[in-house]
Novice: 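Sharing a structure, written as structure tokens. Questions coming.
Numbered from 1 within each chain, the chains take letters A, B, ... in sequence-line order.
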Amino acid sequence: MAYWLMKSEPDEFSIKDLQAKQQAPWDGVRNYQARNFIREMQPEDQVFFYHSSCKQVGIAGVMSIVGTSYEDPLAVKKNSPYFDEKSLIENRWSAIDVKFEKAFEKIISLQAIKKLAQHDHRLDDLLLIKKGNRLSVMPISSAQWQCLMQQVDSI
DNA sequence: GCCAACGTTGGC
DNA sequence: GCCAACGTTGGC
């Protein structure tokens, strides 16, 4: 089983929205590296739900992967903001279904993660806090996952 | 709203 | 294949 982190702007789609729906497609990813990670995902993989571009940036909860990736329907939907003309002739973009697992009582803030990384070497290679990294989908090692989950328990 | 950093596009 | 210009991401 693998671990991941996926970003969403809570104004668009938040952990609460997922909680209400329980399951939802994760779509609209338009970056090749992120797309390739989506294609690697397997059922039951665990995923951090990260809130970006908002007042409280950080990890807001956990979801899990359902099934495997499929062609993103929004890419071929003409009136969608995620429509991509080139998708009509080739399978360019992928989506995957995610299931709600838990919403943290308190968000693990980006600031707290950065602070923790100063002392805990398990977070040394955490892509989230690498300078200039803008990936919206990224792999998380099991050591990193454990480290961050411990942080949840200690709050 | 600002801006650093990155990805993509397209001319050459 | 290079690289300038542009668009986007995302923290602050």
Novice: Sort and list the pairs that fulfil ring pair (Phe, Tyr, Trp, His ring centres under 6.0 Å) and have at least one residue in residues 123-154 of chain A, not counting sequence neighbours.
Specialist: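 Output for this query lists Tyr3(A)-Trp145(A), Phe48(A)-Trp145(A).
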Novice: List, by chain and number, the other hydrophobic cluster members for Val66(A), where Ile, Leu, Val, Met, Phe, Trp and Tyr join if side-chain heavy atoms come within less than 4.5 Å, directly or indirectly.
Specialist: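 Hydrophobic cluster check, Val66(A): no partners found.
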Novice: Heavy-atom contacts under 4.0 Å between residues 5-17 of chain A and DNA chain C, which residues?
Specialist: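 Result for residues 5-17 of chain A: Lys7(A), sorted by number.
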Novice: State the CD-OG distance between Gln46(A) and Ser142(A), to the nearest 0.5 angstrom.
Specialist: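 The distance works out to 12.5 Å.
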Novice: Quick test of your reading: applying ring pair (Phe, Tyr, Trp, His ring centres under 6.0 Å), list the pairs with at least one residue in residues 50-91 of chain A, sequence neighbours left out, ordered by first then second residue.
Specialist: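 Residue pairs passing ring pair (Phe, Tyr, Trp, His ring centres under 6.0 Å), neighbours aside: Phe49(A)-His51(A).
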Novice: Could you give the side-chain donor-acceptor pairs of residues 127-140 of chain A under 3.5 Å, partners two or more places apart or in another chain?
Specialist:
residue: Lys130(A); atom: NZ; partner: Asp124(A); partner atom: O; Å: 3.4
residue: Asn133(A); atom: OD1; partner: Leu135(A); partner atom: N; Å: 2.9

Novice: Would you jot down, in residue-number order, the residues of residues 55-62 of chain A having a non-hydrogen atom under 4.0 Å from DNA chain C?
Specialist: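 Those residues whose heavy atoms fall under 4.0 Å from DNA chain C, taken from residues 55-62 of chain A in numerical order, are Val57(A).
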Novice: Taking atom SG of Cys54(A) and atom CD1 of Ile107(A), what is their separation to the nearest 0.5 Å?
Specialist: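 Reported value, rounded in 0.5 Å steps: 6.5 Å.
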Novice: Give a yes or no on whether Glu71(A) atom CD has more than 12 heavy-atom contacts from other residues, nucleotides or ligands under 6.0 Å away.
Specialist: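 Yes - once you tally the heavy atoms of other residues, nucleotides and ligands closer than 6.0 Å, there are more than 12.
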Novice: It should be established whether Lys130(A) places a side-chain nitrogen or oxygen under 4.0 Å from OP1 or OP2 of nucleotide dG10(C).
Specialist: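 So the side-chain polar atoms of Lys130(A) never come under 4.0 Å of the phosphate oxygens OP1 or OP2 of dG10(C).
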Novice: With sugar-phosphate meaning primed atoms plus P, OP1 and OP2, does Leu135(A) contact a base, only sugar-phosphate, or nothing at under 4.0 Å between heavy atoms?
Specialist: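 The residue Leu135(A) makes sugar-phosphate contact but no base contact.
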Novice: What pairs of residues pass the ring pair (Phe, Tyr, Trp, His ring centres under 6.0 Å) test when at least one of them lies in residues 103-134 of chain A, not counting sequence neighbours?
Specialist: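 Non-adjacent pairs meeting ring pair (Phe, Tyr, Trp, His ring centres under 6.0 Å): zero.
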Novice: Can you tell me how far CD of Gln19(A) sits from CD1 of Ile15(A), rounded to the nearest 0.5 angstrom?
Specialist: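 Here the rounded value is 7.5 Å.
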Novice: Polar-atom pairs under 3.5 Å, protein N or O versus N or O of nucleotides 5-9 of chain B: list them with distances, or write none.
Specialist:
residue: dA5(B); atom: OP1; partner: Lys131(A); partner atom: NZ; Å: 2.9
residue: dC6(B); atom: O2; partner: Arg134(A); partner atom: NH1; Å: 2.9
residue: dC6(B); atom: O2; partner: Arg134(A); partner atom: NH2; Å: 2.5
residue: dG7(B); atom: O4'; partner: Arg134(A); partner atom: NH2; Å: 3.4

Novice: Who passes salt bridge (charged side-chain N to carboxylate O under 4.0 Å, His left out) against Arg122(A), sequence neighbours left out?
Specialist: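 Asp120(A).
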Novice: Using a 4.0 Å heavy-atom cut-off, does Ser52(A) contact any base of the nucleic acid, only the sugar-phosphate backbone, or nothing at all?
Specialist: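 Here Ser52(A) touches the backbone only, sparing every base.
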Novice: Can you list the residues that meet the salt bridge (charged side-chain N to carboxylate O under 4.0 Å, His left out) rule with Glu40(A), with sequence neighbours excluded?
Specialist: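 If we apply the salt bridge (charged side-chain N to carboxylate O under 4.0 Å, His left out) test to Glu40(A), skipping adjacent residues, there are no hits.
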Novice: Which angle, to the nearest 10 degrees, lies between the helix axes at the two ends of the helix from dG1(B)-dC12(C) to dC12(B)-dG1(C), each defined by five pairs?
Specialist: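 Between the first-five-pair axis and the last-five-pair axis there is 10°.
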Novice: In this structure, how many angstroms lie between the P atom of dG11(C) and the NZ atom of Lys115(A), rounded?
Specialist: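 That distance rounds to 18 Å.
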Novice: Run the salt-bridge test on Asp72(A) and Arg30(A) with the 4.0 Å N-O cut-off and return the result as yes or no.
Specialist: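 Answer for the salt bridge query: yes.
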Novice: Show every salt bridge (Lys or Arg N to Asp or Glu O under 4.0 Å) that has at least one partner inside residues 7-19 of chain A, sequence neighbours left out.
Specialist: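 Listed once each, the pairs would be none.
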